[in-house]
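Single-structure report; data block below.
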There are 2 protein chains.
Amino acid sequence: MDTLKVALLGCGNVGSQVARILLEDADDLAARVGAKLELAGIAVRNVDAPRDVELPRELFTTDAETLVKDKDIVIELLGGIEPARSLILRAIDSGATVVTGNKALIATNGQQLYAKAHEAGVRLAYEAAVAGAIPILRPIRESLSGDRITRVLGIVNGTTNYILDQMDSTGAQFADALKAAQDLGYAEADPTADIEGLDAAAKGAILASLSFHTDFNLDDVYCEGITKVTADDIAAAKDAQLVIKLLAIAEKLIAEDGTEGISVRVHPTLLPRTHPLAAVHGAFNAVFVEADNAGQLMFYGQGAGGAPTASAVLGDVVSAARALVAGGPWRVEATKRQIAALPLSAVTTSYCIGLDVADQPGVLAKIAQIFATHGVSIETMRQTIHTETAAAGEKPAAELRIVTHRGPESALAATVADIRALDVVNSVISVLRVEGV
Amino acid sequence: MDTLKVALLGCGNVGSQVARILLEDADDLAARVGAKLELAGIAVRNVDAPRDVELPRELFTTDAETLVKDKDIVIELLGGIEPARSLILRAIDSGATVVTGNKALIATNGQQLYAKAHEAGVRLAYEAAVAGAIPILRPIRESLSGDRITRVLGIVNGTTNYILDQMDSTGAQFADALKAAQDLGYAEADPTADIEGLDAAAKGAILASLSFHTDFNLDDVYCEGITKVTADDIAAAKDAQLVIKLLAIAEKLIAEDGTEGISVRVHPTLLPRTHPLAAVHGAFNAVFVEADNAGQLMFYGQGAGGAPTASAVLGDVVSAARALVAGGPWRVEATKRQIAALPLSAVTTSYCIGLDVADQPGVLAKIAQIFATHGVSIETMRQTIHTETAAAGEKPAAELRIVTHRGPESALAATVADIRALDVVNSVISVLRVEGV
């Protein structure tokens with residue numbers, strides 16, 4: 001039986017699990033691949049750092065540049081842009097297949113890396129970069145290759161889903177739910193990348209690129225995190241049979257000027273509680289895909305964690321290894337086409353607007369007039385008078401929650417701006433978009 | 001640009017949609033494949049039969065045997081064993097890649113067909129055979145190829161899920177829900193294959209073979225349909241926060257004698273209402289997969305229908321066509337291993353037993369004694385006295401619903417047999433297995 005040499009870059013949470021599986025399940029993997037997968041070395045910054053998994057010390061090296069040379073498969077799990085990018089380019093140059101779980105790198109440098117891999121005739125696989133263990137990139141690229149995807153809605157960040165789910169089930173405020181997530185290890189000490197939606201934005205860009213056969217730029221992703229979502233927003237959503245989820249949305253649209261394009265955006269989103277994504281609890285992830293012929297599909301599973309993410313990495317490794325054993329040229333990716341990235345203003349959506357208003361006659365008429373001026377129609381309007389707390393000034397004297405019909409984002413945003421300027425409006429408490437209705 | 005010749009066998013519900021997409025989306029498909037997909041002909045029994053889709057008359061032929069010769073890709077959508085089997089073998093002999101959606105054929109003759117395809121060095125793909133539009137076979141074969149699947153629970157028959165979901169949401173009896181499914185076209189005039197679980201059993205055999213890298217025989221699948229499920233069973237399940245689903249279950253087990261093996265079975269199953277499969281409504285399908293490293297995954301979508309199933313067929317066609325364009329040898333399937341098919345008696349499960357018992361002292365003691373004798377422990381016991389209907393004899397005087405802890409199926413079955421023989425037990429109303437707890 002032949003042997004394929006595997007180099008592993010990084011031995012953190014995911015890397016240590018990948019090393020464990022390569023060693024523990026060596027016989028099973030060899031049977032599936034038709035060749036032995038030999039873990040030739042693990043590049044780390046500090047050979048003596050403590051690891052989650054006990055691994056033979058002789059595998060470790062700090063010399064990543066030498067390790068990636070003359071390997072059949074290089075697994076990059078360092079994260080971040082450098083040195084990951086340079087090491088991957090070096091591996092490609094030496095003819096290795098590359099498997100990575102590095103979403104930040106793929107979302108920003110993917111185009112260059114694919115081009116290099118294509119030129120060298122080697123494979124670049126990155127299933128683990130989006131939604132951890134969930135097989136989503138391969139189904140989009142292969143299984144749906146004879147269909148046309150029209151929309152993708154993804155819960156692709158487990159930390160924020162855990163926080164929002166906690167707020168929904170316990171009524172907790174954002175800060176307390178974040179603290180709980182940190183205590184459980186779901187959120188990092190510096191949670192910015194998660195709670196500001198940056199992590200979801202990188203995954204959204206990757207999903208959009210594959211779903212619409214184009215190269216989507218991370219800079220074109222509109223991104224809004226969950227830090228402004230309050231317990232009041234969650235409670236109001238519950239009253240209306242809705243749930244708030246942080247979604248990465250990629251959809252095909254025709255802008256007002258007739259341009260066909262793709263909008264990719266990340267923002268807190270109101271979904272009906274009957275939507276399949278509403279049943280995604282805790283730190284789980286799910287990607288909901290709509291296609292012309294297939295209709296609605298959903299892919300659900302663990303979006304993070306060492307062993308689950310390692311499962312996705314190993315799936316790529318085994319698939320690539322089988323292809324190496326079979327020989328023959330590596331298949332080219334689907335032909336890319338250029339399609340416009342549309343700004344948020346081109347999107348059609350529906351708003352749920354929370355307002356703190358003066359409790360006096362004529363307020364509703366003034367507000368309704370602004371909606372009419374912008375051609376936005378109101379679906380529901382619900383007023384709550386907080387007599388009990390009005391004196392203490394803790395809650396607005398009167399709270400209005402208005403859900404609009406679908407309309408252009410530009411008209412909706414202009415409506416909110418004009419309402420904000422009304423003297424009878426004390427403040428705009430929240431603006432959330434509604435999808436899936 | 002090169003051209004790949006495609007033959008289509010069958011032009012029913014799915015076939016007509018496949019033909020439509022091949023013709024309508026020819027440019028898009030060519031761009032994705034890197035070669036034109038030319039629909040060379042459609043073999044049907046009657047050229048002049050009415051079709052769902054208008055298609056050029058000159059494409060039709062009744063001479064399937066001639067059509068499959070010298071084609072690059074043959075799509076078989078005839079269903080049934082013959083002539084589908086002979087035509088596929090003929091296509092393989094002539095070097096064509098074969099794409100089929102024929103679950104009955106794959107479940108019974110799959111092993112022979114793979115062997116032939118392997119010998120001829122051609123690809124045999126059948127994503128559409130299980131769960132329609134849902135990409136499930138490719139994720140299992142490729143994405144999870146570096147992991148170990150331990151259990152698969154599938155709602156793989158839309159008709160029965162629709163019927164059970166109707167019974168659950170409206171309280172309808174089985175016969176009325178079946179009628180509703182027939183009126184909507186979800187169930188056929190002769191619904192036997194669906195409601196007796198035979199269709200699910202074929203899909204279960206295919207899922208088990210791929211998940212456990214073995215060749216599972218359809219004869220080894222234990223199969224029990226939903227015809228005996230009553231509105232009372234559904235109501236009792238609801239009371240206990242459970243839902244009844246028809247599941248195809250494939251799981252790795254170690255029998256009492258230490259044999260490691262696989263149990264594949266189809267039966268009505270009680271699931272907690274919080275289980276992700278409980279949220280699969282109407283005619284939708286979903287497959288829930290548990291793997292050592294990935295943890296829990298679920299794949300959800302439309303399990304039947306012309307366009308959704310055509311999407312899965314086209315996914316296989318485009319993937320195969322890309323491989324043909326790239327050239328090189330066709331990759332061999334994962335190595336198969338022999339693993340025992342375990343009988344139902346080797347399974348560990350939990351029972352929910354419904355009993356019509358005499359309303360008199362000492363009944364519970366007698367029943368509890370039988371459970372103790374067989375070493376089966378009781379989790380919950382709930383008695384309902386039907387005073388209002390006792391006189392009319394419509395409902396049992398006293399109804400007992402007993403849920404057991406997990407135990408060997410053999411002990412559970414023996415317990416039920418002994419209970420049935422008790423003179424204080426008028427009848428065993430229902431026996432349902434509980435999973436996912």
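Here is the naming used below: chain letters follow the sequence lines, and residue numbers restart at 1 for every chain. Since the model is a prediction, treat every value here as computed from it, not as a measurement.
Between the CD atom in Glu24(B) and the CG atom in Asp292(A) there is a gap of 10.0 Å [rounded to 0.5 Å]. The CD1 atom of Ile134(B) lies 11.5 Å from the OG atom of Ser143(A); values are rounded to the nearest 0.5 Å. Taking CZ of Arg32(B) as the reference point, atom OG of Ser145(A) lies at 7.0 Å (rounded to 0.5 Å). The distance from atom CD1 of Ile21(A) to atom CG of Asn293(B), rounded to the nearest 0.5 Å, is 3.5 Å.
Across all their heavy atoms, Arg141(B) and Arg322(A) have their closest contact at O-NH1, 3.2 Å. Between Pro139(A) and Pro139(B) the shortest heavy-atom distance is CG-CG, 3.9 Å. Between Glu142(A) and Ser319(B), the shortest heavy-atom distance links the atoms OE1-OG, 3.0 Å.
Looking only at heavy-atom pairs under 4.5 Å with chain A, the residue among Ala310(B), Ala133(B), Ala307(B), Ala312(B) that has the most is Ala307(B). Chain B forms more heavy-atom pairs under 4.5 Å with one residue of Asp316(A), Asp28(A), Leu137(A), Leu37(A) than with any other, namely Asp28(A). Among the candidates Asp25(A), Leu22(A), Leu29(A), Thr309(A), the residue making the largest number of heavy-atom pairs closer than 4.5 Å to chain B is Asp25(A). For chain A, the option among Gly301(B), Pro308(B), Ala291(B) with the highest count of heavy-atom pairs below 4.5 Å is Pro308(B).
Under the salt bridge (charged side-chain N to carboxylate O under 4.0 Å, His left out) criterion, Lys103(A) pairs with Asp199(A), not counting sequence neighbours.
Both the backbone and the side chain of Leu144(A) have a heavy atom closer than 4.5 Å to some heavy atom of chain B.
Applying a 4.5 Å heavy-atom cutoff, the residues of residues 147-154 of chain A that approach chain B are Asp147(A), Arg148(A).
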